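Predicted model, so just to flag it, every value in this text is computed and none were measured. In what follows, residues are counted from 1 in the order of the sequence shown.
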Amino acid sequence: MTASGNADQTNVGATADPGVLAARAEDATRTLQQWAARRGSHPRAENEAELHEVLGSLRQLAENLARFLPESGTWLEQQLWSGNVGEDAAYGELAQSTFEAAAALARAQRMAAQLGRELHTAELASRSLVTQ
């Protein structure tokens, strides 16, 4: 996503890199805050067009996050089974913590997917504002 709120659409189907997702989330948040701070000083049509772009970028980010979270839960479980997690802790405690983390990631994935759907609805609604 750029400072104007445009999402990078070049690798929509590619595996999400966590660092890239984090940077895009930060940029999306900053852009939305900047848009909210400026909205009173620009003509209405420009505000609506920029809001549409920001909503599209946030939707893309939520969809990418929803794709990434299950991968991270699987990775965490694989690390447990490989013996790469918490060498000093009891295995039962590690297994419990790992599965709780995986369950939390699964819940977050469902929430991110729902957020993506809601942002898509908002993006569609904002498109009609831009074309009026």
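- The heavy-atom pair separating Glu77 from Ala102 by the smallest distance is OE2-CB, 3.3 Å.
- Nearest heavy-atom pair, Gln109 versus Ala66, reported as atom, atom and distance to 0.1 Å: CG-O, 3.1 Å.
- The nearest pair of heavy atoms linking Leu105 to Leu69 is CD2-CD2, 3.7 Å.
- With contacts defined as side-chain heavy-atom distances shorter than 4.5 Å, the pair Arg30/Glu26 qualifies.
- Nearest approach of Leu94 to Val85, heavy atoms of both residues: CD1-O, 3.2 Å.
- Residue Leu115 is grouped with residue Val54 when hydrophobic side chains (ILVMFWY) are merged at heavy-atom distances under 4.5 angstrom, including chains of intermediate members.
- The line from CD of Glu118 to CD of Glu123 is 13.0 Å long, rounded to the nearest 0.5 Å.
- Considering all non-hydrogen atoms of both residues, His52 and Ser126 come closest at ND1-OG, 2.8 Å.
- In this structure, Arg127 and Leu124 have side chains that are in contact, with non-hydrogen atoms separated by less than 4.5 Å.
- Note that CG of Leu119 and CZ of Arg59 are 8.5 Å apart. Values are rounded to the nearest 0.5 Å.
- Scanning all heavy atoms of the two residues, the minimum distance from Leu55 to Ala122 falls at CD1-O, 3.6 Å.
- In this structure, Gln114 and Met111 have side chains that are not in contact, with every pair of non-hydrogen atoms separated by 4.5 Å or more.
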